[in-house]
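Notes follow the structure.
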Amino acid sequence: MADDLADIKQTLANYCHKVDRGTADEVAELFAHDAILSPQFDGDYEVFGRDGIRGWYAFYHQTLRARVKNLKHLIQSMMIDVDGDVARSVCYFTANYIAKTDNKAYQVQGTYHDTLVREGGQWLFQTRRIEVEFITLLGAVI
């Protein structure tokens, strides 16, 4: 059980690093082949399958991530429940970035709701719902 929790936390952390500095392929590899992504911060829809998720993150990287610098996702207050080869997780996230357009810092607060599955000894996202509660302007960057 302790190993499962450590491995799941590693998957959650890997997601943050891959979204901030990795490629769409690297992010997609954290998802099961038949996974479902619900990025509810830009509409009410779902993205199906690893290939669809790869395409969505390629779009995300070309649009949102291309307009910011120093993007950092942080997760905290993780609640993880493991039942065999399936786990459920809820954690809060904070994302900080500097907008290239105005050189101001912003902070995003939200929640990740996840179901993970163990496949081949690795914990992968089966479902991930991303909820953004608010975005705050922090001010000019010195």
Side-chain angles (χ1 to χ4, degrees), residues 1-139 141:
M1 176 72 161
D3 288 342
D4 288 333
L5 290 176
D7 291 346
I8 290 166
K9 288 178 182 179
Q10 187 66 40
T11 298
L12 297 172
N14 279 340
Y15 173 86
C16 294
H17 287 274
K18 302 302 182 194
V19 166
D20 292 344
R21 293 181 310 283
T23 66
D25 287 335
E26 291 173 322
V27 176
E29 289 301 314
L30 298 172
F31 287 81
H33 287 283
D34 59 348
I36 301 171
L37 173 68
S38 302
Q40 297 194 346
F41 59 87
D42 70 341
D44 187 16
Y45 64 94
E46 295 178 327
V47 180
F48 296 94
R50 184 181 284 167
D51 289 337
I53 291 167
R54 180 181 292 109
W56 189 88
Y57 278 101
F59 176 78
Y60 170 89
H61 288 157
Q62 292 167 359
T63 56
L64 180 81
R65 199 173 83 177
R67 296 188 315 245
V68 304
K69 55 187 177 180
N70 302 93
L71 179 62
K72 303 275 188 300
H73 280 79
L74 310 167
I75 51 176
Q76 56 273 345
S77 302
M78 290 174 267
M79 292 184 0
I80 301 169
D81 180 38
V82 179
D83 184 10
D85 290 336
V86 177
R88 288 180 179 42
S89 171
V90 176
C91 61
Y92 301 136
F93 74 86
T94 302
N96 297 303
Y97 64 88
I98 299 169
K100 291 179 179 177
T101 55
D102 62 6
N103 204 43
K104 291 185 179 176
Y106 293 83
Q107 185 175 82
V108 180
Q109 294 288 322
T111 306
Y112 293 133
H113 299 267
D114 303 312
T115 303
L116 298 102
V117 292
R118 186 185 356 236
E119 289 185 2
Q122 181 180 7
W123 284 97
L124 301 173
F125 294 106
Q126 181 65 53
T127 63
R128 171 154 267 208
R129 188 173 79 235
I130 305 169
E131 296 177 351
V132 171
E133 280 89 33
F134 62 88
I135 301 173
T136 303
L137 172 64
L138 298 177
V141 178

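Every heavy atom of this structure was used, including side-chain atoms; hydrogens, water molecules and symmetry mates were not.
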**OP:** Take I130 and Q40 through the test side chain to side chain contact (heavy atoms under 4.5 Å, CB included) and record every step on the way to the result.
**Re:** CA-CA 6 Å; I130 305 169; Q40 297 194 346; over 6 Å; no
Original post:
After noting the C-alpha distance and the side-chain angles of L12 and S89, does the key distance pass the side chain to side chain contact (heavy atoms under 4.5 Å, CB included) rule?
Top reply: CA-CA 9 Å; L12 297 172; S89 171; 3.8 Å; yes
Original post:
Is the count of non-hydrogen atoms from other residues, nucleotides or ligands lying under 6.0 Å from Y106 atom OH greater than 12?
Top reply: yes
Original post:
Can you tell if the side chain of L116 reaches within under 4.5 Å of the side chain of L124, non-hydrogen atoms only?
Top reply: no
**OP:** State, to 0.1 Å, how close I8 and A87 come at their nearest heavy-atom pair, and which atoms those are.
**Re:** CD1-CB, 3.5 Å
Subject >> By side-chain hydrogen bond (donor to acceptor under 3.5 Å, both in side chains) - contacts of Y60 (at least two apart) >> reply: none
Side-chain donor-acceptor pairs under 3.5 Å in residues 93-100, sequence neighbours left out?
| unit_1 | atom_1 | unit_2 | atom_2 | d |
| --- | --- | --- | --- | --- |
| T94 | OG1 | Q76 | NE2 | 3.2 |
| T94 | OG1 | Q109 | OE1 | 3.4 |
| T94 | OG1 | Q109 | NE2 | 3.0 |
| N96 | OD1 | Q107 | NE2 | 3.1 |
| K100 | NZ | A66 | O | 3.0 |

Subject >> Close side-chain approach of I80 and R88, heavy atoms under 4.5 Å >> reply: no
Subject >> Residues that R50 engages under salt bridge (Lys or Arg N to Asp or Glu O under 4.0 Å), provided they are two or more places apart >> reply: E29
**OP:** Taking S77 for its side chain and C91 for its backbone only, find out whether a donor-acceptor pair lies under 3.5 Å.
**Re:** no
Original post:
Taking only residues two or more places apart in sequence or in another chain, which ones pass salt bridge (Lys or Arg N to Asp or Glu O under 4.0 Å) with D114?
Top reply: R128
Original post:
For H113, what residues pass the side chain to side chain contact (heavy atoms under 4.5 Å, CB included) criterion, not counting sequence neighbours?
Top reply: V90, T111, R129, E131
Subject >> Pairs meeting criterion salt bridge (charged side-chain N to carboxylate O under 4.0 Å, His left out) with involvement of residues 57-75, two or more places apart >> reply: none
Original post:
Would you call F48 and I36 a side-chain contact if the rule is heavy atoms closer than 4.5 Å?
Top reply: yes
Subject >> Residue pair W56 / L37, side-chain heavy-atom distance below 4.5 Å >> reply: yes
**OP:** Kindly indicate whether the side chain of K18, heavy atoms from C-beta on, has any atom under 4.5 Å from the side chain of L30.
**Re:** yes
**OP:** Keeping to residues at least two apart or across chains, list the ring-ring contact (aromatic ring centres under 6.0 Å, His included) pairs with something in residues 61-90.
**Re:** none
**OP:** Kindly write out the residues that satisfy salt bridge (Lys or Arg N to Asp or Glu O under 4.0 Å) with D25, not counting sequence neighbours, or none if the list is empty.
**Re:** R54
**OP:** Working to the nearest 0.5 Å, report the span between CG of N14 and CH2 of W123.
**Re:** 15.0 Å
Original post:
What is the minimum heavy-atom distance between A24 and A58, and which atoms define it?
Top reply: CB-N, 3.4 Å
Original post:
Once you round to the nearest 0.5 Å, how far does CD of E26 lie from OG1 of T23?
Top reply: 3.5 Å
Subject >> Residues which pass side-chain hydrogen bond (donor to acceptor under 3.5 Å, both in side chains) with D34, listed by chain and number, not counting sequence neighbours >> reply: Q126
**OP:** Grab the two heavy atoms, one from A13 and one from I75, that are nearest each other, plus how far apart they are.
**Re:** N-CD1, 4.0 Å
**OP:** Please list, chain by chain and in numerical order, all residues satisfying side-chain hydrogen bond (donor to acceptor under 3.5 Å, both in side chains) with Y15, sequence neighbours excluded.
**Re:** Y57
Original post:
Considering residues at least two apart in sequence or located in another chain, which fulfil the side-chain hydrogen bond (donor to acceptor under 3.5 Å, both in side chains) criterion with R118?
Top reply: D4, D85
